[in-house]
2 protein chains.
Amino acid sequence: MNAIQRRSPRAEAKAESQRERILDAAQKCFIEHGFHGAGMALIAETAGVSAGLIYRYFDSKHAIVLAIIARELEGKRAKIEELHARDDFLEAVIAKFRGWQAGEPEVMNAPLFLEMSAEGTRAPEVARAIAASDALTRQDFERWLLRPRAEGGVGMAADCARRSALLVQCLIEGLVVRAVRDPGLDAATLREALAPVFHAMGLTPGVQAAPPSPEPSP
Amino acid sequence: MNAIQRRSPRAEAKAESQRERILDAAQKCFIEHGFHGAGMALIAETAGVSAGLIYRYFDSKHAIVLAIIARELEGKRAKIEELHARDDFLEAVIAKFRGWQAGEPEVMNAPLFLEMSAEGTRAPEVARAIAASDALTRQDFERWLLRPRAEGGVGMAADCARRSALLVQCLIEGLVVRAVRDPGLDAATLREALAPVFHAMGLTPGVQAAPPSPEPSP
DNA sequence: AAAAAATGAATGAGCGTTCATTCTTACGGC
DNA sequence: GCCGTAAGAATGAACGCTCATTCATTTTTT
């Protein structure tokens with residue numbers, strides 16, 4: 001962390017806005033050129049500040065990368081939460097998919113997601129942050145699947161919810177990859193492919209969950 | 001492409017082995033440090049040659065990146081083909097998943113998969129190569145799903161096969177991501193999560209495909 | 001001895017980072 | 001209200017280093 005002590009809360013607020021300004025610029029650069037491909041000079045120019053000034057707010061480029069990752073992980077969790085706030089889960093997922101394809105800044109950025117995942121295989125601290133965030137995300141999913149339908153949940157049994165949470169997590173991550181690799185894939189085709197799975201899992205409104213067990217009891 | 005004309009087929013063969021030697025080293029470096037993070041000096045040292053020599057076999061570092069991507073895409077298709085050569089699709093997928101977790105060189109490398117996908121969002125030629133490869137992979141899947149069970153296929157209807165191919169592609173890509181982000185996820189848990197889906201799709205041996213349509217006929 | 005293969009030092013550009021310097025802001029005495 | 005001043009904010013040139021790439025030179029092959 002940066003160790004500058006600031007006098008007034010007024011100054012503190014401005015300092016914080018500068019930090020975000022730099023982070024926003026860094027995020028844009030990292031998306032366009034990757035963590036290693038984007039240089040400090042480019043980040044500084046994008047942020048509209050001098051290169052030297054960045055070091056008043058961040059200790060190093062690596063610190064910026066970590067801050068971006070932390071910010072993105074936090075944002076991801078919030079965005080995933082939105083998925084089971086809507087009554088139609090399938091449509092919510094497809095709406096997010098469109099956002100990933102278009103690279104909209106309001107949703108979790110897909111190229112950054114890939115970059116972060118790859119970076120996790122090199123930097124252990126990144127791997128730990130990702131693992132912690134993923135565990136929380138899956139817990140969020142599981143709680144939603146467990147909650148009764150009357151309370152906006154799906155009303156699954158315990159082991160069923162655990163399995164389904166993992167499955168949905170894999171599927172969503174797969175969709176992020178697909179959005180990047182096939183930006184032209186249309187939503188209707190995707191809907192047709194996903195609908196039966198979500199239907200069978202009971203994620204379609206008004207449909208009870210089928211028991212997802214490998215050997216259905218006779 | 002490199003424009004060196006070689007005299008004998010003997011020399012041509014040795015030149016080709018040098019190329020592969022350099023590509024093997026580059027692949028290792030790219031996996032460990034990313035496309036931008038790995039330098040020519042490191043690649044040269046890993047390959048056991050001088051830095052200058054690499055330019056006798058490749059025009060530039062970018063050419064090496066493209067060659068690695070092309071090679072990996074080709075390998076990926078072959079490895080995916082193996083999936084529907086085995087009689088138990090689920091077990092085949094889980095075996096691959098273990099390979100992705102362990103980072104085994106014999107299967108498609110997961111970090112490289114992420115790096116390539118991210119690079120596709122920046123370099124149009126990479127995006128084109130990936131899109132072409134993905135289309136072929138999905139066609140392979142679709143053909144397998146269409147083929148009668150007697151011939152080792154799944155025996156699906158046409159539109160059902162098209163949807164299922166997309167779904168399986170998304171799922172597998174999701175599993176690659178999951179293998180990277182959760183190297184500790186055990187195969188048994190994953191099997192329990194995947195089994196009902198594969199079962200419902202008729203990919204479990206001896207089970208007929210359920211009609212994956214959003215509205216099953218009454 | 002001619003040709004090909006391989007070397008590794010040299011090159012300029014760009015990297016992340018630092019720092020002496022300049023500009024901006026805040027504020028107490030008048 | 002105004003000014004002097006001290007501290008904070010911001011600059012951009014400079015640093016040492018590494019990068020991808022080149023090429024005169026040496027070693028190996030034929």
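Every chain is numbered from 1 and lettered A, B, ... according to where its sequence line falls, protein lines coming before strand lines. Reckoned from all heavy atoms, side chains included, excluding hydrogens, waters and symmetry mates.
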In whole Å, what is the span from the [atom1] atom of [X] to the [atom2] atom of [N]?
| X | N | atom1 | atom2 | answer |
| --- | --- | --- | --- | --- |
| B/H36 | C/dG14 | NE2 | P | 16 Å |
| A/Q18 | D/dA10 | CD | C1' | 9 Å |
| A/K61 | C/dC15 | NZ | C1' | 8 Å |
| B/I54 | D/dC19 | CD1 | P | 13 Å |
| A/F58 | C/dG16 | CZ | C1' | 16 Å |
| A/M40 | C/dT17 | CE | P | 6 Å |
| A/H33 | C/dG14 | NE2 | C1' | 14 Å |

Is the shortest distance from a Lys or Arg side-chain nitrogen in [X] or [Y] to a carboxylate oxygen in the other one below 4.0 Å?
| X | Y | result |
| --- | --- | --- |
| A/E82 | A/K79 | yes |
| A/D159 | A/R162 | no |
| B/R191 | B/E91 | yes |
| A/E115 | B/R122 | yes |

message: Filter on ring pair (Phe, Tyr, Trp, His ring centres under 6.0 Å), then keep only pairs touching residues 13-39 of chain B, sequence neighbours left out; what's left?
response: B/F30-B/F35
query: Under 3.5 Å, is there a donor-acceptor pair linking the side chains of A/Q27 and A/R71?
result: yes
Donor-acceptor contact below 3.5 Å, side chain [X] vs main chain [Y]:
| X | Y | result |
| --- | --- | --- |
| A/S117 | A/F113 | yes |
| B/E81 | B/D140 | no |
| B/K96 | B/M108 | no |
| A/Q101 | A/A179 | no |
| B/E192 | A/R163 | no |
| B/E142 | B/S164 | no |

- prompt: Taking the side chain of B/Y57 as its heavy atoms from C-beta onward, which of C/dG16, C/dA5, D/dT21 lies nearest to it?
  reply: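 Per side-chain heavy atoms of B/Y57, the pick is C/dA5.
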query: Listed in order of residue number, which residues of residues 116-125 of chain B have a non-hydrogen atom at under 4.0 Å from DNA chain D?
result: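 Here the set is empty: none.
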query: Where along residues 42-53 of chain A does a heavy atom fall under 4.0 Å from DNA chain D?
result: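 A/V49, A/S50, A/G52, A/L53, in order of number.
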Comparing B/K14 and B/H62 on DNA chain D - which has the more 5′ nearest nucleotide: B/H62
query: Just the dot-bracket of DNA chain C, please: which string comes out with Watson-Crick or G-U pairs under 3.5 Å, [ ] for crossing, | for another strand?
result: ||||||||||||||||||||||||||.|||
field: A/Y55 side chain near C/dT17 phosphate (N/O to OP1/OP2, under 4.0 Å)
entry: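 So the side-chain polar atoms of A/Y55 do come within 4.0 Å of the phosphate oxygens OP1 or OP2 of C/dT17, strictly under.
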- line: Residue pairs passing the salt bridge (Lys or Arg N to Asp or Glu O under 4.0 Å) test with at least one member in residues 31-51 of chain A, sequence neighbours excluded, are A/K28-A/E32
- request: Check the angle between the aromatic planes of A/W144 and A/H84 and answer parallel, tilted or perpendicular using the 30° and 60° thresholds.
  value: parallel
query: Residues from residues 22-31 of chain A sitting under 4.0 Å of DNA chain C, heavy atoms only?
result: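 Heavy-atom cutoff 4.0 Å gives no residues at all.
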- prompt: Which is true for A/A38 with a 4.0 Å heavy-atom rule: it touches a base, it touches only sugar-phosphate, or it touches nothing?
  reply: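 Counting heavy atoms under 4.0 Å across all strands, the contact made by A/A38 is with sugar-phosphate only.
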